[in-house]
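Here is how names work: the chains are called A, B, and so on, in the same order as the sequence lines, proteins then strands, and each is numbered from 1. Just so you know, these numbers come straight off a predicted model, no measurement behind them.
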Number of protein chains: 2
Amino acid sequence: MNIGQAAEASGVSAKMIRYYEQIGLIRPSARSDNNYRVYGEDEVHVLRFIKRARSLGFSLEETERLLALWQDRSRESASVKAVAVQHIADLKRRIAEMEGMVKTLSHLAHCCGGDGRPDCPILEDLAGHVPPPIPAASRSRRRAP
Amino acid sequence: MNIGQAAEASGVSAKMIRYYEQIGLIRPSARSDNNYRVYGEDEVHVLRFIKRARSLGFSLEETERLLALWQDRSRESASVKAVAVQHIADLKRRIAEMEGMVKTLSHLAHCCGGDGRPDCPILEDLAGHVPPPIPAASRSRRRAP
DNA sequence: GTAGGGCTTCCCATCATGGGAAGGTCAAGG
DNA sequence: CCTTGACCTTCCCATGATGGGAAGCCCTAC
């Protein structure tokens, strides 16, 4: 199987397969006489593993660890679980962060007329509730000094 | 005010201030005789605006648009709201994506013993529910004969 | 006069991915 | 036999936003 077919079969682009090889995530494939990379079912299997791990948000570094554990028949499932649990915590943290943004923004957008007038609570928030500088004019304050 | 003080006052690192200037997000500051960048309250204000926008997850490109709207007194709040609404949708999409990952992973982690034994549903999922290949170099190489 | 801290520019690294050029290889069809 | 087109190879560059660090200039304090 050439790299194109392996890409097709695994869902990992040929570009990425070469990259994974380059960074040592996967081992260099065999080469045919014409110097083409040659893959078998095992390699495709590994690529699918990587693809799946990536789709679950694992970094390539985490993926590498998982790959190593997968191929270590004497692994302890606790090691795998630790990687997963850490990743879950990380995802949850990022989700919470973004939810905070959504909450703030939703409130601001709700308060914004969204019409033809210039008044906009969104900009007021970004500006720290004080008026814009650059055009250099109108020092009207919306809040008590 | 030198760049260090402006960084301090705005919460944007000096490194980033220079970068923002370089990519045209902010205009080149004035320079003092010794070629140091010089900032005033207005510039710090702009930097704080950027900082706040970034903290709400807006990209630098979106931030640039918001900045332009902020400084355009004849803007329509609808334009601002459009940027915000789009960003909210984007955040929600990413959150949903990550929540999917968390859901899957939590289930798998829950099912994983996390003990000293090698059996692990997490790896089984990643492997597509089939056993691992390539435990070692003892694997058949498909080199051209 | 020297030590330090701040400033300047320039280059590099990150993370994962894609784009594209320049050139080799192969199979099909004229 | 030769062309065409679809592969493959390596190499370099770009992304987005940020940080790290080197080499060298400037200013102030001692």
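Between the CD1 atom of I17(B) and the P atom of dT9(C) there is a distance of 13 Å, rounded to whole Å. A straight line from CE of M16(A) to C1' of dC15(C) spans 10 Å, rounded to a whole angstrom. Q5(B) has its CD atom 11 Å from the C1' atom of dC7(C), to the nearest Å. In this entry the distance linking OH of Y39(B) with C1' of dT8(C) reads 12 Å, nearest Å.
Annotation: proximity of residues 86-105 of chain A to DNA chain C (heavy atom, distance under 4.0 Å) is found for no residue.
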Problem set entry | Sequence-aligned protein contact record of nucleotides 1-6 of chain C, with B where the base is within under 4.0 Å of a protein heavy atom and S where only the sugar-phosphate is | -----B
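Put simply, the side chain of L56(B) reaches to within 4.5 Å of the side chain of D125(A), judged on heavy atoms. Annotation: side chain of M1(A) is in contact with side chain of E41(A) (closest heavy-atom distance under 4.5 Å).
Rounded to 10°, the angle separating the first-five-pair axis and the last-five-pair axis of the helix from dG1(C)-dC30(D) to dG30(C)-dC1(D) equals 40°.
Regarding contacts with the backbone of dT17(C), a side-chain N or O of Y20(A) is found under 4.0 angstrom from either OP1 or OP2. For the pair N34(A) and dC26(C), the criterion of a side-chain N or O lying under 4.0 Å from OP1 or OP2 is met. Phosphate proximity of dC7(C) to R37(B): absent, as no side-chain N or O sits under 4.0 Å from OP1 or OP2.
Annotation: salt bridge (charged side-chain N to carboxylate O under 4.0 Å, His left out) contacts of R54(B) (sequence neighbours excluded): none. In terms of the side-chain contact (heavy atoms from CB on, under 4.5 Å) criterion, residue partners of S74(A) (sequence neighbours excluded) are, by chain and number, D72(A). Here R65(A) pairs with E61(A) under the salt bridge (charged side-chain N to carboxylate O under 4.0 Å, His left out) rule; sequence neighbours left out. Under the side chain to side chain donor-acceptor pair (under 3.5 Å) criterion, E62(B) pairs with S59(B), sequence neighbours left out. Scored by the side chain to side chain donor-acceptor pair (under 3.5 Å) test, S10(A) finds no partners at all (sequence neighbours excluded). Residues forming a ring pair (Phe, Tyr, Trp, His ring centres under 6.0 Å) with F49(A) (at least two apart in sequence, or on another chain): W70(A).
Dense packing is recorded around CD of Q5(A), with more than 12 heavy atoms of other residues, nucleotides or ligands lying under 6.0 Å away.
Between the side chain of Q86(B) and the main chain of V83(B), no donor-acceptor pair closer than 3.5 Å is present.
Of all nucleotides in DNA chain D, those with any atom nearer than 4.0 Å to a heavy atom of chain B start and finish, going 5' to 3', at dA17(D) to dC27(D).
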Going by atom type alone, with no hydrogens or angles, which donor-acceptor pairs under 3.5 Å involve a side-chain atom of residues 91-109 of chain B and a protein atom two or more places apart or on another chain?
| residue | atom | partner | partner atom | Å |
| --- | --- | --- | --- | --- |
| R93(B) | NH2 | D90(B) | OD1 | 3.2 |
| T104(B) | OG1 | G100(B) | O | 3.1 |
| S106(B) | OG | V102(B) | O | 2.7 |

Sequence neighbours excluded and cut-off under 3.5 Å, please list the side-chain donor-acceptor pairs for residues 12-24 of chain A, or say none.
| residue | atom | partner | partner atom | Å |
| --- | --- | --- | --- | --- |
| S13(A) | OG | M16(A) | N | 3.1 |
| E21(A) | OE1 | R37(A) | NE | 3.0 |

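Rounded to the nearest 0.5 angstrom, T63(A) OG1 and I26(A) CD1 are separated by 12.5 Å.
Along DNA chain D, the nucleotide closest to E21(A) and the one closest to D33(B) are compared, and the more 5′ of them pairs with E21(A). The 5' end of DNA chain D is approached more closely, in terms of each residue's nearest nucleotide, by K15(A) than by the other of F58(B) and K15(A).
For the pair R117(B) and D119(B), the salt-bridge criterion is not met [side-chain N within less than 4.0 Å of a carboxylate O].
Within the 4.0 angstrom heavy-atom criterion, base atoms lie near R18(B).
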